[in-house]
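Written below as structure tokens is the structure these notes are about.
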Amino acid sequence: MASHKSRVLHRSLRETPPKAIGGEGVWLIAEDGRRILDASGGAAVSCLGHQHPRVLDAMSQQASKLAYAHTGFFSSEPAEALAEHLVGEEPGGLAYAYFVSGGSEAIEAGIKLARQYFIERGEPQRQRFIARRQSYHGNTLGALAAGGNAWRREPYAPLLSDAFSHVTPAFAYHEKRDHESEQNFVARLAAELEAEFQRLGPDTVAAFMAEPVVGATGGCVPAPEGYFRAVRDICNRHGALLILDEVMCGMGRTGTLHAWEQEGIAPDIQAVAKGLGGGYQPIGAMLASGQIIDTIRQGSGAFQHGHTYLAHPMACAAALGVQQVIRDERLLDNVKVLGAHLERRLTERFGNHRHVGDIRGRGLFQAIELVADRATRTPFDPALKLHQRIKAAAFEGGLACYPMGGTVDGRSGDHVLLAPPYIATSENIDMIVDRLGHAVDSALKSVGH
Ligand SMILES: Cc1ncc(COP(=O)(O)O)c(C=O)c1O
């Protein structure tokens, strides 16, 4: 890490990261000329890799026409075209798109839309939201209150609304009991959610919120078979909405455009972000069912929310470019094939590793979880900061991946999340696993294992 003084308030106030000065497909280029293999697209952002010519072209064409017009006065061509692309065929009943600047804003919009919908339906008593522990929905105060990550919430706890409560996540590796079948595990989680509705008063709950495949907090955790059908049923029975957070796992990352397609259900409200614009522009979206929007249209006639950069034309043009490339180049097929390859390679390299307890994920969204002891699933002492050591060792070896701590309960546990671009090749995947293997072993060695 370079030590010169920077006026940018960086993530670490003690170190200035090296400058990235270029990108080329799966590669990032640092100021000293080093080429870093981008195995996680930052935090599952760069789904097309870097500098994709079609996206750059879409951006420059829009820049030459119109960079910005406020949504209080105008719509724009790219916003209309992007919405048509995303919800024109009303997937799962989602019929409208609200474009914001990132994932947290998409979640905030979803929470507020759910609340306003119930006011306008004549059910103003619905003020409660149920989410899950070990989830992440963003860092703004509403989204942070919804999330269940203990470490992120702690300093801000006095500012977080108690309209949100949390139930057990569908995290089989840690939450399923030994000798409990997957079916019984799902039944137990469903019973807990039902009990939470009853505790709050079923007609006071506006929505249940969850990530279909948990991202950074748990490390690519898909739910067991039948879980999402069970929670959808509970929401339906009590007249509550289902809000799915696909900020990280959505837009093709798991092999289908929406992760919920693999669960046999659809949400009423959905948040997407990272893979929507692939990092070419900051953009997120809240997708909402026609029924919710029709109710508000017939009521007050306007969603009572807004930001200056809603539906930013440059951001929408970039996202439309990204989504058209995914469709035209049939990249979801690549995600499925390469995802299976990645899973196979991770299993070959880490399946018998004494400190890798679990390998999990969907599509090009896979993680390994590190444990001190495989038999008891005991995590490493968090003071060792194993995840940070792996990140540093990987970077040193020319690999950018996304290790995180707090996997078990927000404090202990370590995992490494991988989210390579959809344009990767099988050779790129092999190199990712090879470099990650070296980084994991060298980090473990540094803590005496
Ligand atoms: C599942 C999930 N929701 C919400 C967010 C917040 O998105 P943003 O960082 O763009 O505000 C993230 C970011 O990592 C996320 O992974």
Side-chain angles (χ1 to χ4, degrees), residues 11 40-47 98-113 129 131-149 151-153 156 160 164 166 169-171 207-223 228 242-254 258-260 263 267 269-287 307 309-310 312 315 318-319 322 361-367 387 400-407 410 415-419:
R11 285 173 183 250
S40 65
V45 175
S46 304
C47 58
Y98 188 75
F99 296 117
V100 292
S101 301
S104 301
E105 283 188 8
I107 290 291
E108 297 284 346
I111 293 167
K112 288 176 94 171
L113 185 72
F129 290 79
R132 306 187 297 179
R133 293 196 301 280
Q134 284 303 91
S135 59
Y136 181 55
H137 296 301
N139 256 338
T140 50
L141 291 174
L144 192 63
N149 181 301
W151 171 79
R152 290 182 197 265
R153 290 171 58 92
Y156 305 106
L160 302 181
F164 299 85
H166 299 91
F171 192 172
F208 173 68
M209 289 175 69
E211 298 161 76
V213 182
V214 178
T217 303
C220 303
V221 187
F228 275 102
L242 176 63
I243 301 178
L244 291 183
D245 180 347
E246 296 215 0
V247 167
M248 201 179 243
C249 65
M251 304 318 297
R253 178 57 56 202
T254 64
H258 305 301
W260 53 256
E263 306 297 340
I269 295 175
Q270 178 180 357
V272 292
K274 295 162 190 280
L276 177 61
Y280 286 86
Q281 287 284 288
I283 183 165
M286 177 196 65
L287 311 180
H307 298 287
Y309 295 132
L310 284 184
H312 193 287
V322 169
R362 288 230 172 113
L364 281 178
F365 196 46
Q366 303 275 337
H387 60 283
C401 54
Y402 189 15
M404 249 335 240
T407 316
H415 67 261
V416 182
L417 185 153
L418 298 174

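Predicted, not measured: the structure shown is a model, and the values here were computed from it. Start at 1 and go down the list; that is how both ligands and their atoms are numbered.
Between Gln134 and Thr407, the closest heavy-atom pair is NE2-O, 2.8 Å. The nearest pair of heavy atoms linking Tyr280 to Ala318 is CB-CB, 4.1 Å.
His166 places a side-chain N or O within 3.5 Å of a backbone atom of Ala146 that can act as its donor or acceptor partner. A side-chain donor-acceptor contact under 3.5 Å links Arg253 to the backbone of Leu364. The backbone N or O of Ala145 sits less than 3.5 Å from a side-chain atom of Arg153, completing a donor-acceptor pair.
Given atom 7 (O) of ligand 1, the protein heavy atom at minimum distance is Gly103 CA, 3.2 Å. The protein non-hydrogen atom at the shortest distance from atom 14 (O) of ligand 1 is Lys274 NZ, 2.8 Å. In this structure, the protein non-hydrogen atom closest to atom 5 (C) of ligand 1 is Val247 CG1, 3.6 Å.
Ligand 1 places these atoms under 4.0 Å from at least one heavy atom of Glu211: 1 (C). Of all atoms in ligand 1, listed by their number and element, those nearer than 4.0 Å to a heavy atom of Gly102 are 10 (O). Of all atoms in ligand 1, numbered sequentially from 1 with element shown, those under 4.0 Å from a heavy atom of Asp245 are 1 (C), 2 (C), 3 (N), 4 (C).
The parts of Ser104 lying near ligand 1 are both backbone and side chain, judged by heavy-atom distances below 4.0 Å.
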Verdict with reasoning, Phe228 to Leu244, per side chain to side chain contact (heavy atoms under 4.5 Å, CB included): CA-CA 10 Å; Phe228 275 102; Leu244 291 183; 3.8 Å; yes
